[in-house]
Amino acid sequence: MQVKEIFSSQLPVGETLSIKRSRFEPLQKSDNLKRISIVSGTHGDELEGQYAIYLLTSWLNENQDAISGIIDIYPAVNPLGIDTITRGFPLYEVDLNRVFPGGEDGFLPGQLVHALVQDIKGSDIAIDIHSSNIFLREIPQIRINKEFSNFTLPLAKELNCDFIWIHDAVTVLEATFSHTMNSLGTKTLVVEMGVGMRLTKEYGEQLLCGMLNLMKKEGIITTENSFEAREPFLSEIGEVFYLNSPSSGLFVPALDHCAIIKKNEKIGTIVEPLTGATLDTLYAPNSGILFTLREFPVVYEGSLLARIFGERDK
Amino acid sequence: MKIIEIANFTSLNRAPLVIEGYLFEGSDPYAPSVAIVGAMEGKNILPLYSASKLVDFLKNKIHDKDKIRGNILVIPSINSYALNINERFWPLDKTNINTMFPGYELGETTQRIAKKVFDAIRGYTYGIILESREDLSNCIPYVKLFKSGFEDIEGAKTFGFRVVNHRELTPVDTVTLQYNWQLWETKAYSIVCPNKNQIDIDNSNEIFEGIIQFLSKNKLIDYRVLNGFESVIAAQEDIEIAKAPKSGIFITMKKEGTYISKGDVIGQIVHSLNGEIVHTFISTCNGMIVCCYKNGLILEGALAFRIIKSD
């Protein structure tokens, strides 16, 4: 395993911002090896990828003979953000996943993402691991832009996630890592799982199994071990139903995340501690799986409380 | 003058967020109309001040109200929750209201705010958005127009600012107010204000005079103004960039708005611990400094100066 610095910037007082990549490759090098790049930590408040990547690098260290392709790991695209619990790039207050592809003559965050793109360009596959933000808990899922789904969907099914959400092309998302890399010919998948600022051990282990399964199928690792990928729900065979808060207050959930629920089942209440009033009671708009649930209890009118996936009730 | 309530959002513990607009009804039903949007971010101090100063001008300085010919709506503050606690974006989820347009009434909070604001300002002939620079720099006041296919460059010149920055549209720009307002057939312009925490009287006068000149030249008010500058239309290729090759303490020798010649010393970087000069910025062209990095500490690779080339 080799560690390389792909971007650096001296900070004003005796410190260097450094973006690092670790590369795992076969002991016997050869041409035309498949390359996968695994990226995380673009948002500094999303830490689930840190653990999933640790599990992967740990597995690769213990199974070096199994490596038959190139595996590039970028655990911390926004290291200053991760170490300071800051979602965006500190100082600039910019979401790094909205400034791709960046450029050498752009502002500093744009230079950073440009360096990342240049380093990953040419990979066959990329996986961008996100947590949800601090507000919502998500089941392990893959988000796919319909524009690229023909060649990313088959890979997504190997990643052992519970849900694959194929969404329409949206212009603003063209500034993301995944759109940039897909446009450059690297088949790129976005993983969302868990919640911001926390680790969910079972999700990390679930994704490890999926990454190893995908790499084995693609010939990037060669091993006798078998990795089972669960059958995911596909967004195309149902609908996603959103539940936004009708009022501002404190959200108290009545159900657990991932519950299978029936239409009109109680999802939670919005309450006001000062007066003891219940401002609103929320009910499921449709039956299905509660795949997103509000984790951070303070809500404003409009705050997302839950998402349910299921076939539309008759 | 009427005060209209555009939006009212409650909170768990804070007083409600109320967005108000000041509507000055024009005397001429055939005159064009304009809506002016102030602070969408909590650090938009000059945008807030410029908008509130305009309300005062229209209300108290124009005594003959017939001189207000077209309808003028001024919304000084969209994001008082952020302004009041010196946050930049929406305080709870840190989303930027100016990337939520045209808004969505069933969406997240800032999408709902954007929708209510957009409903109030749709249909105006002209739209003026008062913004601050998004990066860590100060600038001379200028007009920013996206190359969207809907932009009105001639109208942008009537503010009389020194520069109209006509720049490429990026994906993120498609969810801004300027782009969406233009899509809905309002001639929209962003006035980019210096990113300062205190009121700079020279800057605020320039911005205010630019807005008055625009209102006058476009027949929204009858008010005699002295002409401003003949604006230069500047695209990316007209701008020279100076990046910091080293980090340290940044000292600006020439401020934004200064004409410089090739070879002029315009700034320095000093080692933050031993005090030695580690870099001297020397201008590589003739022109005017339009933006300067604003912090005293600079990172390696940060954009220190933007200079509009004069040749």
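Chain letters run A, B, ... following the sequence lines, proteins first and then strands; every chain starts at 1.
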Point-to-point distance, once rounded to the nearest 0.5 Å, from NZ of K94(B) to CG of N133(A): 12.0 Å
Quick check: under 4.5 Å, non-hydrogen atoms only, which of residues 167-181 of chain A neighbour chain B? T171(A), V172(A), E174(A), A175(A)
Heavy-atom proximity to chain B below 4.5 Å, by part of F135(A): side chain
Taking every heavy-atom pair that is under 4.5 Å apart, which of G106(A), S8(A), G88(A), P109(A) has the most such pairs with chain B? G106(A)
Mark yes when over 12 heavy atoms from residues, nucleotides or ligands other than I277(B) sit less than 6.0 Å from its CD1; otherwise mark no. no
Within the supplied structure, the quantity of interest is the number of heavy atoms (other residues, nucleotides, ligands) at a distance under 6.0 Å from R198(A) CZ; does it exceed 12? no
Taking CD in E237(B) as the centre, count heavy atoms belonging to other residues, nucleotides or ligands within less than 6.0 Å. Is the count above 12? yes
Answer with side chain, backbone, both or neither: which region of L91(A) has an atom nearer than 4.5 Å to a non-hydrogen atom of chain B? both
Among residues 239-251 of chain A, which residues come closer than 4.5 Å to chain B, judged by heavy atom distances? N244(A), S245(A), S248(A), G249(A), L250(A)
Can you see which heavy atom on L11(A) is nearest to which on S247(B), and at what distance? O-OG, 2.8 Å
When the 4.5 angstrom heavy-atom criterion is applied to F89(B) and chain A, the contacting part is side chain
Are side-chain heavy atoms of L273(B) and V13(A) found at a separation under 4.5 Å? yes
With P12(A), which of I269(B), L299(B), I249(B) fulfils side chain to side chain contact (heavy atoms under 4.5 Å, CB included)? L299(B)
So, the part of Y179(B) with a heavy atom under 4.5 Å from chain A: the answer is neither
Donor-acceptor check, side chain of K243(B) to backbone of E104(A), threshold 3.5 angstrom: yes or no? yes
Residue among N96(B), I241(B), T99(B), D93(B) with most heavy-atom pairs under 4.5 Å to chain A: D93(B)
Other residues, nucleotides, ligands: >12 heavy atoms within 6.0 Å of E185(B) CD: no
Would E300(B) and S9(A) count as having a side-chain donor-acceptor pair, cut-off 3.5 Å? no
Could you check whether atom NZ of K147(B) has more than 12 heavy atoms from other residues, nucleotides or ligands sitting under 6.0 Å from it? yes
Value rounded to 0.5 Å, distance of CG in L274(A) from CG in N13(B): 8.0 Å
Give a yes or no on whether K20(A) atom NZ has more than 12 heavy-atom contacts from other residues, nucleotides or ligands under 6.0 Å away. no
Name the member of R87(A), E272(A), R98(A), E93(A) that forms the most heavy-atom pairs with chain B at distances under 4.5 Å. E93(A)
For V172(B), which atoms come within 4.5 Å of any heavy atom of chain A: side chain, backbone, both, or neither? both
Ranked by heavy-atom pairs below 4.5 Å to chain A, first place among D135(B), T174(B), I113(B) goes to T174(B)
Is there a donor-acceptor pair closer than 3.5 Å between any side-chain N or O of Q111(A) and the backbone N or O of G301(B)? yes
Straight-line distance of D105(A) CG to I239(B) CD1, nearest 0.5 Å: 12.0 Å
So which residues of residues 296-304 of chain A are in contact with chain B at a heavy-atom cut-off of under 4.5 Å? F296(A), V298(A), Y300(A), E301(A), G302(A), S303(A), L304(A)
Mind checking which of residues 278-298 of chain B sit less than 4.5 Å from chain A, heavy atom to heavy atom? Y293(B), N295(B), L297(B), I298(B)
